[in-house]
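Here the structure is laid out as structure tokens; the discussion comes afterwards.
Computed over heavy atoms, backbone and side chain alike; hydrogens, waters and symmetry mates excluded.
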2 protein chains.
Amino acid sequence: MTGQVRTVDGRVAGRRGQATRQKLLDCLSEMLNSSPYRDVKVIDVARKAGTSPATFYQYFPDVEGAVLEIAEQMASESSSLSEVLEGRSWVGKAGWQTAQDFVDDFLDFWKKNDAILRVVDLGAAEGDKRFAKLRLKILNSATTPLTGSIKELQAKGRVDKDINPAAVSGALVVMLSGVTSQLKGFQTWGVKQADLRPTLAQLVHLGVTGKKPTK
Amino acid sequence: MTGQVRTVDGRVAGRRGQATRQKLLDCLSEMLNSSPYRDVKVIDVARKAGTSPATFYQYFPDVEGAVLEIAEQMASESSSLSEVLEGRSWVGKAGWQTAQDFVDDFLDFWKKNDAILRVVDLGAAEGDKRFAKLRLKILNSATTPLTGSIKELQAKGRVDKDINPAAVSGALVVMLSGVTSQLKGFQTWGVKQADLRPTLAQLVHLGVTGKKPTK
DNA sequence: ACTTGTCCTGTCATGCTGTCAGCTTACCGA
DNA sequence: TCGGTAAGCTGACAGCATGACAGGACAAGT
């Protein structure tokens, strides 16, 4: 299904080839964690992987191409985000717990993949469709079930009909992702980590149900 | 106060020098709007400004340094954001209007300075303190008065004591900025621009007051 | 015209990019 | 066991960006 892994010049990658390819991706991943995206050079990645730039170009067209690859691997892991909300209630104390769990899962995922997501965000914001698509895929794992929850509540008459479920859940998810990538900023505002999660859960609950949670 | 504008090698820039310096900044600004940050090269900026790379390096240490300069100019314009909330009410219909105006102003500002803010965000997220400080300065124009509003409401007993005003306003502002830089994503979710603003205003109102607005 | 200090650019050493030809290595069938 | 074939890697190279410097052009005052 996945099609065979191929080199830039069309060869089929074997076991050894896939290993070096993966090593390059891992090294790139590390570099993104430690240095600014703008300063990540092919030659550094290659050196770190104990190989030569020419080898890098055998597997990827450029740095961007390799980043896309990493991001794709990550995107397939993001589906776990959608499971948290399955069959969960948004009413009463259970609702408050749902909001908290959702926020926790999302924040953990985002923090873990911090560096790549930063680059994906940038690419998407700059109008690159491949990055935008990928970003969407990731965010969808969160927004789709959220939107579903809101629609359900609307159907039961618990939420006003005039609100747009997709817009609300999109905004909430963007909020969570934004907060994660700028955690340090919040520290400067004197906001402690411990205060942040409940605050976000509160906002999510408010956004979804339109009501303050019962704690 | 601002100190004289100086070249990298310490000379004082005269009238002509400041003009070319500004021209370089303008051209860089344009380039950021049209091409990915990673691909912006000194040589292109210089060419576009009708000068040579050497001239660029006379005024700025590197591309990043020049971006910081642009961002600083923008940051001083951001103070206008704090004026919208002065003396505004968060109660009843007036409150709904306040939320809408706030969202409108913020979105307009963010959209206007889209490209630079993207880079500032990236720099801050990557841990560069200069960018983080700048970003804070800009966001503070929005969060400070928002936080103030929430504190006032708390003092009047209209908002629960156990919420953290700084955390809430920070999260809301991050939400607004995130939504703006990813507008295209929302279109893909089938959310129209016209739906987005009221949705965001609603969320801001909910976050600040804990109650649904009376429209 | 001369001096002074600002302003700009030609030039150069250095380093990264991206491509190619060609060498080495692993696998497989006879 | 022995080629044959395709995968895998790299040295070499041309092209371009970087960043530093020295020196020439220019404007303004004397």
How many whole angstroms separate atom [atom1] of [X] from atom [atom2] of [N]?
| X | N | atom1 | atom2 | value |
| --- | --- | --- | --- | --- |
| A:Arg11 | C:dC27 | CZ | C1' | 15 Å |
| A:Gln18 | C:dA26 | CD | P | 17 Å |
| A:Gln58 | C:dG22 | CD | P | 16 Å |
| B:Phe56 | C:dT9 | CZ | C1' | 16 Å |
| A:Asp62 | C:dC16 | CG | P | 17 Å |
| A:Asp39 | C:dC16 | CG | P | 12 Å |
| B:Met31 | D:dA17 | CE | P | 11 Å |
| A:Lys41 | D:dC16 | NZ | P | 17 Å |

Which listed nucleotide ([options]) is nearest to the side chain of [X]?
| X | options | value |
| --- | --- | --- |
| A:Arg15 | C:dC27, D:dT10, D:dT18 | C:dC27 |
| B:Arg47 | D:dC26, D:dA17, C:dC16 | D:dA17 |
| B:Tyr59 | C:dC8, C:dT17, D:dC9 | C:dC8 |
| A:Thr55 | C:dC8, C:dC16, D:dT10 | D:dT10 |
| B:Ala54 | C:dG18, C:dG10, C:dC16 | C:dG10 |
| A:Val12 | C:dC7, D:dA7, D:dT10 | D:dA7 |
| A:Ile43 | C:dT17, C:dC8, D:dG8 | C:dT17 |
| A:Ser52 | D:dT18, D:dG19, D:dT10 | D:dT10 |

Checklist entry - What heavy-atom pair brings B:Ala125 and A:Ser181 nearest, and what distance separates the two atoms? => result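 So the minimum-distance heavy-atom pair works out to CB-O, 3.6 Å.
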Checklist entry - Per the side-chain contact (heavy atoms from CB on, under 4.5 Å) rule, which among B:Glu69, B:Arg16, B:Gln58 passes with B:Arg21? => result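 For B:Arg21, the side-chain contact (heavy atoms from CB on, under 4.5 Å) test succeeds with only one of B:Glu69, B:Arg16, B:Gln58, which is B:Glu69.
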Next on the checklist: The criterion is side-chain contact (heavy atoms from CB on, under 4.5 Å); which residues satisfy it with B:Ala71, sequence neighbours excluded?
Outcome noted: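 side-chain contact (heavy atoms from CB on, under 4.5 Å) check on B:Ala71 returns B:Ile116, B:Val120, B:Leu134.
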Next on the checklist: D:dA7, OP1 or OP2 - any side-chain N/O from A:Thr7 closer than 4.0 Å?
Outcome noted: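 False: A:Thr7 side-chain N/O out of range (4.0 Å or more) of D:dA7 OP1/OP2.
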Next on the checklist: Strictly below 4.0 Å: does B:Tyr57 bring a side-chain N or O up to OP1 or OP2 of C:dT9?
Outcome noted: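 For C:dT9, neither OP1 nor OP2 has a side-chain N or O of B:Tyr57 closer than 4.0 Å.
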Next on the checklist: With a sphere of 6.0 Å drawn around NZ of B:Lys48, does it hold more than 12 non-hydrogen atoms of other residues, nucleotides or ligands?
Outcome noted: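 Enclosed: over 12 neighbouring heavy atoms sit under 6.0 Å from NZ of B:Lys48.
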Checklist entry - Of B:Asp44 and A:Pro53, whose nearest nucleotide on DNA chain D comes first from the 5' end? => result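 It is A:Pro53 whose nearest nucleotide is closer to the 5' end.
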Checklist entry - Does the side chain of B:Ser78 come under 3.5 Å of the side chain of B:Ser141 through a donor N or O and an acceptor N or O? => result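 On atom types as modelled, these side chains qualify, holding a pair under 3.5 Å.
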